[in-house]
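Below: one structure, written as structure tokens.
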2 protein chains.
Amino acid sequence: MEPIWARPEQAARGPRPAHSRAAVAAAAVRIADTEGIDAVSMRRVAADLGAGTASLYRYLASKDDLLDLMVDAVAREQPPPDPTGDRRADLRTLADTTRAVMLRHPWLAAVQASRPNIGPGSLRWLESWLTAVDGLGLDADEMLTAVDTVRLFITGAVLGELAVRASGLDMNRWMAEQGSYGDAIAAGDRYPRVAHVMREAKGPHAGDRAERTFAQGIERILDGVVAG
Amino acid sequence: MEPIWARPEQAARGPRPAHSRAAVAAAAVRIADTEGIDAVSMRRVAADLGAGTASLYRYLASKDDLLDLMVDAVAREQPPPDPTGDRRADLRTLADTTRAVMLRHPWLAAVQASRPNIGPGSLRWLESWLTAVDGLGLDADEMLTAVDTVRLFITGAVLGELAVRASGLDMNRWMAEQGSYGDAIAAGDRYPRVAHVMREAKGPHAGDRAERTFAQGIERILDGVVAG
DNA sequence: TTCCATTGCGAGCAGTGTACGCAGTGGCCT
DNA sequence: AGGCCACTGCGTACACTGCTCGCAATGGAA
């Protein structure tokens with residue numbers, strides 16, 4: 001199936017559309033941000049738009065198209081930061097900005113992970129990533145590989161971060177929810193190192209853990225990419 | 001909600017159950033492997049098991065429980081490789097094995113990314129990861145951070161790999177499917193570096209690209225982890 | 001002015017996860 | 001030995017999903 005961006009938005013003849021792809025995408029993003037991606041149904045988006053459900057299909061061919069539009073809408077809303085010339089610093093800024101966008105739109109990482117997006121907004125970001133690794137002595141293939149490595153780590157890191165965030169607030173609460181199972185793990189000798197880490201570590205939910213995991217990981221990947 | 005592993009499988013009284021959690025999980029894994037995760041519905045799993053739909057709820061409380069069981073079933077099916085003492089090599093072997101399992105069960109990476117799993121099988125893997133980073137001079141918190149970094153990259157890399165695999169076989173076919181949109185990108189000057197890479201690179205779908213992206217990324221992350 | 005491609009949309013279809021309630025089973029306690 | 005009752009299997013139903021069909025209304029092109 002052709003991507004939605006290959007199909008024209010407006011028809012030559014006929015009545016003026018009451019809405020637009022952008023308006024549909026914006027409504028869907030608003031719902032996903034405030035109530036979660038599961039709340040984004042065709043009926044719900046249509047209702048928020050003041051339209052009938054079936055009318056949405058005049059603007060897109062499927063719900064997958066809607067997801068593509070949502071991802072691209074967010075990419076346009078936050079354009080990539082301007083390059084400074086310091087490639088290493090630019091890469092880190094791109095990484096931090098990407099993570100911030102994904103945390104602001106908690107549905108984004110998961111949607112993007114399962115559906116590669118090539119809308120105009122996403123392409124502008126890819127252009128920035130390629131600019132940041134340009135001049136490092138990499139050929140075209142290696143540039144793509146390097147950018148993929150960095151972006152895949154970011155996606156993985158944010159997915160993990162969000163999963164932890166969704167599962168509870170801190171280690172104590174987490175242990176309480178696991179109940180007897182958590183106690184059994186920490187006390188037993190079946191998984192000695194897991195038990196040790198559970199007792200010693202501040203826990204997977206400590207305040208700045210996500211921050212530090214991300215910072216350490218991204219710096220090490222950039223070491224490799226820049227040294228190349 | 002308590003995790004399913006905190007709840008006992010068998011009741012003291014009553015008639016012998018006709019099935020078991022393990023059988024339900026195995027049936028679901030079989031369906032997901034052959035027909036995709038979307039084909040895994042409660043009705044379908046029950047039908048494959050020769051049971052009524054509502055009967056499944058005697059073995060688990062929700063579909064989320066079923067997903068947890070599926071992930072853990074796969075983790076048990078393929079236990080982590082034995083450590084050799086060479087920590088760097090062990091980490092790489094763990095990474096390669098994890099990637100192989102995720103490619104063999106294409107639904108696994110996505111499910112795991114959105115739902116942290118703490119079943120017995122998953123814990124055994126975590127134990128192996130912690131063993132591999134033990135003795136590197138890291139404290140408990142740092143060990144968790146290091147393991148997270150590596151695993152998150154693997155998840156991200158496999159998700160990307162599967163997305164590319166699902167979207168088409170090679171660059172030519174991909175360009176054909178994008179139709180005029182792909183041509184416009186490669187020819188236009190709106191995204192010069194993207195256009196350049198599209199023309200020069202063997203493309204995101206070249207045979208061994210996924211292999212090389214993964215190898216390069218994991219080696220660079222391990223550089224950072226082992227160097228500490 | 002006529003034509004007809006296009007829009008809006010009510011109704012409906014096939015599918016989903018899950019709750020309810022009832023019949024039947026069989027281990028435990030008297 | 002007898003009966004209690006926790007438990008299992010499951011038919012049915014509900015509220016929801018993405019999506020299609022068909023029809024009335026619109027408005028630029030001929």
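Keep in mind the model is a prediction, meaning the values are calculated, not measured. Just so it is clear: chains get the letters A, B, ... in the order the sequence lines come, proteins before strands, and each one is counted from 1.
For the residue pair Leu162(B) and Met102(B), the shortest heavy atom distance occurs at CD1-O, 4.3 Å.
Listed nucleotides dC10(D), dA13(D), dG8(C) differ in distance to Arg43(B); the shortest reach to its side chain belongs to dA13(D). With distances taken from any side-chain atom of Ser62(A) to the nucleotides dC19(D), dC10(D), dG8(C), the minimum falls on dC19(D). Closest contact between the side chain of Pro17(A) and the listed nucleotides dG9(D), dT18(C), dT7(C) involves dT7(C). Set against dG11(D), dT18(C), dT20(D), the side chain of Ala54(B) has dG11(D) as its closest nucleotide. Distance from the side chain of Ser41(A) is smallest to dT17(D) among dG8(C), dC19(D), dT17(D).
Following rounding to the nearest Å, Leu49(A) (CG) and dT7(C) (C1') show an atom-to-atom distance of 14 Å. Atom NZ of Lys63(A) is separated from atom P of dG15(C) by 19 Å (rounded to the nearest Å). Whole-Å rounding puts the Leu56(B) CG to dG11(D) C1' distance at 14 Å. Straight-line distance from the CZ atom of Arg7(A) to the P atom of dT6(C): 14 Å, rounded to whole Å. With rounding to whole Å, Asp64(A) atom CG is found 14 Å from dT17(D) atom C1'. Across the protein-nucleic acid pair, His19(A) atom NE2 and dT7(C) atom P stand 12 Å apart, rounded to whole Å.
Within a 6.0 Å radius of CZ in Arg104(B), more than 12 heavy atoms belonging to other residues, nucleotides or ligands are found. Annotation for Arg193(B): atom CZ counts as buried by contact number, over 12 foreign heavy atoms lying within 6.0 Å.
Under a 4.0 Å N-O distance rule, the pair Arg7(A)/Asp65(A) qualifies as a salt bridge. Taking the charged nitrogens against the carboxylate oxygens, Arg115(A) and Asp64(A) do have a contact shorter than 4.0 Å, which makes a salt bridge.
Each of Val158(A), Leu103(A), Val101(A) was checked for a side chain to side chain contact (heavy atoms under 4.5 Å, CB included) with Leu108(A), and the lone residue meeting it is Val101(A).
In terms of phosphate contacts, Ser55(A) brings a side-chain nitrogen or oxygen within less than 4.0 Å of OP1 or OP2 of dC9(C). Taking side-chain N and O atoms only, Tyr57(A) has no distance below 4.0 Å to OP1 or OP2 of dT7(C).
Using a 4.0 Å heavy-atom cutoff across all strands shown, Ala46(A) reaches no nucleic acid atom at all. Contact annotation for Val40(A): backbone-only contact, meaning every heavy-atom pair under 4.0 Å involves sugar-phosphate atoms and none involves a base.
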Margin query: I need a per-nucleotide contact map over nucleotides 22-30 of chain C, read 5' to 3'. Cutoff is protein heavy atoms under 4.0 Å; write B for the base, S for backbone only, - otherwise.
Written below: --BBS-S--
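Each of Tyr59(B) and Met42(A) lies near DNA chain D, and the nucleotide nearest Tyr59(B) is the one positioned closer to the 5' end. Along DNA chain C, the nucleotide nearest to Ala18(A) and the one nearest to Arg44(B) differ in position, and the one closer to the 5' end is contacted by Ala18(A).
When only modelled atom types and interatomic distance are considered, Glu77(B) and His105(B) share a side-chain donor-acceptor pair under 3.5 Å.
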